[in-house]
A.B. asks: 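First the structure, which I've put down as structure tokens, then a few questions once you've had a look.
Chain letters run A, B, ... following the sequence lines, proteins first and then strands; every chain starts at 1.
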Number of protein chains: 2
Amino acid sequence: MQADKVFKALGDPTRRKLLDLLCEKNGQTLGQLCEHLDMARQSATQHLEILEAANLVSTVKRGREKLHFINPVPLHEVYERWVRKFERHRLSLLHDLKKELEGE
Amino acid sequence: MQADKVFKALGDPTRRKLLDLLCEKNGQTLGQLCEHLDMARQSATQHLEILEAANLVSTVKRGREKLHFINPVPLHEVYERWVRKFERHRLSLLHDLKKELEGE
DNA sequence: TTGACATGCAGGTATTTACCTGCATATTAG
DNA sequence: CTAATATGCAGGTAAATACCTGCATGTCAA
């Protein structure tokens, strides 16, 4: 897993919107995705390249079109590595804080 | 939830390391955290400010020290909003891809 | 009180990022 | 073939980011 690429890819509203669009309808072309974005096509291409580099999106060429498919696996791995780990602290947080304030 | 701040905060290796350090031992001071980082104290402060703005870290002043506590809640919310949604696609991904390649 | 210590504040710089425009290439339809 | 269509490639700019140094402030301990 490359947490860096995944988190950086998700750290942009346009890219999250692209993922949402693919969530609604998988396999859309660049042109279809662009219709929902308020920017030049080339800017959208760059965002999709970043999502692809993070392995969050896979592409397939069909003729002159490029189809985009969402890939949820990296997100799941990020969850396993980061979210679950930190969730163990949910219950103990207030306890830790209290202990520290009392001078440990 | 502010997905933007959370993902951007997580999109930096130094900040993820800080979260890991707090995961090992919650409530550390700025100085303690700096010992593990290869950068100026002020740079670490900036990273911690970003984590705090994303609500991933909470701080408490104790005398001249500043204690840092991890807050896993935003991560959980991000999981609920993003990871679970996309996981529904894990099983259908190959099916969608095949369908598209066949011309839909 | 005074010196050591922990942190805050105010800039300054180099790199990365998110846009853009202009032109090139490749595919399909008529 | 040729024109329309879908995408790729090559820069160019402004803003954000991740560092830094230098100095100020606040707290503790002798």
A.B. asks: Do A:Lys8 and A:Ile50 come within less than 4.5 Å of each other through their side chains, counting heavy atoms only?
C.D. replies: no

A.B. asks: Report yes if at least one side-chain N or O of B:Ser43 is closer than 4.0 Å to OP1 or OP2 of D:dA18; otherwise report no.
C.D. replies: no

A.B. asks: Just the atom pairs and distances: protein N or O near nucleotides 12-18 of chain C's N or O, under 3.5 Å.
C.D. replies:
from   : atom 1 : to      : atom 2 : distance (Å)
C:dA18 : OP1    : A:Arg15 : NH2    : 3.3
C:dA18 : OP2    : A:Arg15 : NH1    : 3.3

A.B. asks: According to the interplanar angle, ranging from 0 to 90°, do the rings of A:Tyr79 and B:Tyr79 count as parallel (below 30°), tilted (30 to 60°) or perpendicular (above 60°)?
C.D. replies: parallel

A.B. asks: By nearest heavy atom, map B:Gln32 and A:Asp38 onto DNA chain C; which one lands nearer the 5' end?
C.D. replies: B:Gln32

A.B. asks: Reading DNA chain C from 5' onward, which residue's closest nucleotide shows up sooner: A:Ala44 or B:Glu49?
C.D. replies: B:Glu49

A.B. asks: Does the side chain of B:Leu33 come within less than 4.5 Å of B:Leu22's, by heavy atoms?
C.D. replies: yes

A.B. asks: Write down the distance between CG (A:Leu30) and C1' (C:dT25), rounded to a whole number of angstrom.
C.D. replies: 15 Å

A.B. asks: Between the protein and nucleotides 22-30 of chain D, list every N/O to N/O distance that falls short of 3.5 Å.
C.D. replies:
from   : atom 1 : to      : atom 2 : distance (Å)
D:dT27 : O2     : B:Arg64 : NH1    : 3.2

A.B. asks: Consider only side-chain N and O atoms of B:Thr59 and B:Glu52, and report whether a donor and an acceptor are under 3.5 Å apart.
C.D. replies: yes

A.B. asks: Scan A:His68, A:Arg15, A:His47 and name whichever one has a side chain to side chain contact (heavy atoms under 4.5 Å, CB included) with A:Val57.
C.D. replies: A:His68

A.B. asks: What's the CG-P distance between B:Leu51 and D:dA18, to the nearest Å?
C.D. replies: 11 Å

A.B. asks: When you compare the side chain of B:Leu10 with that of B:Leu75, does any pair of heavy atoms fall below 4.5 Å?
C.D. replies: yes

A.B. asks: Could you state the CD-C1' distance from A:Gln28 to D:dA6, rounded to the nearest angstrom?
C.D. replies: 15 Å

A.B. asks: Just wondering, do A:His76 and A:Val73 contact through their side chains at under 4.5 Å, heavy atoms?
C.D. replies: no

A.B. asks: Determine whether A:Thr14 and A:Met39 make a side-chain contact, defined as any pair of heavy atoms from C-beta on separated by less than 4.5 Å.
C.D. replies: yes

